[in-house]
Amino acid sequence: MLTYKFLEKQDPEVMDVVRREARRQADELELIASENYASSAVLEAMGTVLTNKYSEGYPGHRYYGGNQIIDDIENIAVQRAKKLFSAEYANVQPLSGSPANAAVYFAFLKPGDKVMGLKLDHGGHLSHGHPVNFSGMLYNFVQYEVDSGTGRIDMNEVAKIARKEKPKMIVAGFSAYSREIEWKRFKEIANEIGAYTFADIAHTAGLISAGKMDNPVPLFDVISTTTHKTLRGPRGAIIMCKEKYARDVDRAVFPGIQGGPHDHITAAKAVALGEALEEDFKQYAEQVIINARTMADEFLKMDYNVISGGTDNHLMVVDMANKGITGKDAEQLLERIGISVSRSTIPNDPNPPMNPSGVRLGTPAVTTRGMKEEEIKKIVDWINKAIEHKDDKISSRKIKNEIHELCLQFSVPGA
Ligand SMILES: *Cc1c(COP(=O)(O)O)cnc(C)c1O
């Protein structure tokens, strides 16, 4: 574990929480598709004096004095983001994914404008137009879905809705979809009706940056990504765009949505982007996908209903209905044996979002620990056994011990 000697001495109560959470992260298997383990260098960058600075504005144009040095860190992060994704322009200030998306809409749209996005229970994100989210309240969203037979986005259906509704912007991206996105086709459809193209690559940014999935950045007008999912950085986000939209995007982030950027987080983003530019990271991204495919194949062999029949990326959604357990119960059952997953809706879910039919599983975090196909096969076997023997306490205790044994062999950065 990183040393926290001042925290330890001054505030044992908080230190105790940090220590217990570090232990939990090391002792359990993290299969939540949106989570990962940031490196020790990324963690250290977040704990620096850069947090003390106010730097509203952009490098060279700040509203506070004393920003000559801070400008350097923001410039480094911007340069690395542009290089990593082949972007014309990057803004590294967004505090997280949802605020980044708010800034994108703010830059390109007026309240009430029509936008098209993937429906939440079909794999979209809240900020893609769900009625309880600011996006659904401020903008007039029409939603597309995945095909109920194939579990994939049906591009003919997308084209049909786009031609009929003529949205000002089309959003492509997801939180729970396991297939490659046809960016080119989205772009053609948008061109046909004169709509802006917005790619939200929050989940797959790390895989895209490593060249393991198609990159929409050179193609689309504007792209947002979180930095803490497959990209393995600090919690935060980045917006990239064509040079001609740079001014609008910058103004939307500050002063439109945010005040001062979190410079210590910008430093950590720069470190993570630096890591992602290394050859090691490409191998990591490749293994994330191999592990996810192995996991999906194992589930299919055991007669689990993997939505769309497999995966092209780091995640999958599994419908648990034929196994006689709901998504919420599966989440809680697996938590008891030391595996974290998140309940998930399935397309056209007959059950409510608090207790949906599926679970979403992902491989970014276990791959960071160094786990490969062999371990993934064991993990799926444990999950299956736990579900088959869900009322057997002795069996679940045994599985929990076996999982703990495996975790001891694979270290976690910072824990
Ligand atoms: C995770 C996610 C976000 C939001 O990120 P936060 O940092 O949690 O606000 C936005 N869009 C997509 C597609 C996501 O998966």
Side-chain angles (χ1 to χ4, degrees), residues 30-36 38 42 46 85 91-106 115-130 132-136 138-139 141 143-146 153 169-181 183 186 197-209 213 216-217 220 222-240 252-253 257-258 261-262 265-266 268-269 272 288 292 311-317 340-345 353 360-365:
E30 184 54 73
L31 296 180
I32 293 177
S34 52
E35 294 187 12
N36 212 331
V42 167
M46 281 191 268
F85 291 97
N91 182 312
V92 298
Q93 293 190 7
L95 303 178
S96 215
S98 295
N101 289 355
V104 169
Y105 299 138
F106 202 56
V115 195
M116 234 175 106
L118 180 61
K119 205 173 174 189
L120 183 74
D121 63 355
H122 287 245
H125 188 257
L126 280 166
S127 62
H128 298 178
H130 195 275
V132 302
N133 184 263
F134 76 90
S135 55
L138 287 180
Y139 304 99
F141 264 87
Q143 308 251 258
Y144 56 93
E145 304 184 344
V146 300
I153 297 169
M169 169 181 272
I170 299 180
V171 188
F174 56 81
S175 296
Y177 182 72
S178 61
R179 295 303 183 173
E180 186 66 85
I181 298 260
W183 305 113
F186 267 106
T197 43
F198 169 25
D200 179 349
I201 58 171
H203 261 267
T204 45
L207 310 178
I208 289 170
S209 76
M213 295 194 77
V217 177
F220 271 43
V222 62
I223 301 90
S224 73
T225 180
T226 58
T227 44
H228 48 273
K229 298 179 184 174
T230 53
L231 203 50
R232 216 165 62 179
R235 303 201 85 76
I238 296 173
I239 300 174
M240 293 168 277
V253 174
I257 303 275
Q258 295 181 182
H262 295 184
I265 300 296
T266 303
K269 285 176 189 174
V288 167
T311 181
D312 300 329
N313 57 26
H314 61 297
L315 70 80
M316 68 212 66
V317 176
S340 291
V341 300
S342 44
R343 69 191 77 168
S344 173
T345 52
R360 187 187 66 170
L361 306 105
T363 54

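For the single chain, residues carry numbers from 1 onward in sequence order. First listed ligand is number 1; within each ligand, the first listed atom is number 1.
- Aromatic ring pairs are classed by plane angle as parallel below 30°, tilted from 30° to 60° and perpendicular above 60°; the pair Tyr105 and Phe198 is perpendicular.
- Checking His203, Lys229, His228 against atom 14 (C) of ligand 1, the nearest heavy atom belongs to Lys229.
- Atom 3 (C) of ligand 1 has His125 NE2, 3.3 Å as its closest protein atom, hydrogens excluded (heavy atom only).
- Considering backbone and side-chain N/O of Ser175, one or more are found under 3.5 Å from N/O of ligand 1.
- In this pair, Tyr144 and Phe186 present their aromatic rings tilted. The plane angle is within the 30 to 60° band.
- Looking at atom 11 (N) of ligand 1, its nearest protein heavy atom turns out to be Asp200 OD2, 2.6 Å.
- Less than 4.0 angstrom separates some heavy atom of Gly97 from each of these atoms of ligand 1: 4 (C), 5 (O), 6 (P), 7 (O), 9 (O).
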Arg235 vs Ile265, side-chain contact (heavy atoms from CB on, under 4.5 Å): CA-CA, chis, key distance, verdict: CA-CA 8 Å; Arg235 303 201 85 76; Ile265 300 296; over 6 Å; no
Go through the steps for Phe174 and Ile181 under the test side-chain contact (heavy atoms from CB on, under 4.5 Å), then give the verdict. CA-CA 9 Å; Phe174 56 81; Ile181 298 260; 3.6 Å; yes
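- A pairwise comparison of heavy atoms in Ala38 and Gly233 identifies CB-O, 4.0 Å as the closest pair.
- The shortest N/O to N/O separation between Pro99 and ligand 1 does not fall below 3.5 Å.
- Looking only at distances, no side-chain donor or acceptor of His125 sits under 3.5 Å from a matching main-chain atom of Ser175.
- For the 3.5 Å distance criterion, the side chains of Asp200 and His128 qualify, holding a donor opposite an acceptor.
- Interface atoms of ligand 1 facing Thr226, defined by a heavy-atom separation under 4.0 Å, are 5 (O), 7 (O).
- Less than 4.0 angstrom separates some heavy atom of Ala202 from each of these atoms of ligand 1: 2 (C), 11 (N), 12 (C), 13 (C), 14 (C), 15 (O).
- Scanning the protein for heavy atoms near atom 7 (O) of ligand 1, the closest one is Ser96 OG, 2.4 Å.
- For atom 9 (O) of ligand 1, the nearest non-hydrogen atom of the protein is Ser98 N, 2.8 Å.
- Of the inter-residue distances, the one linking Met316 atom CE with Arg179 atom CZ reads 10.0 Å to the nearest 0.5 angstrom.
- Against a heavy-atom cut-off of under 4.0 Å, Phe174 is close to the following atoms of ligand 1: 13 (C), 15 (O).
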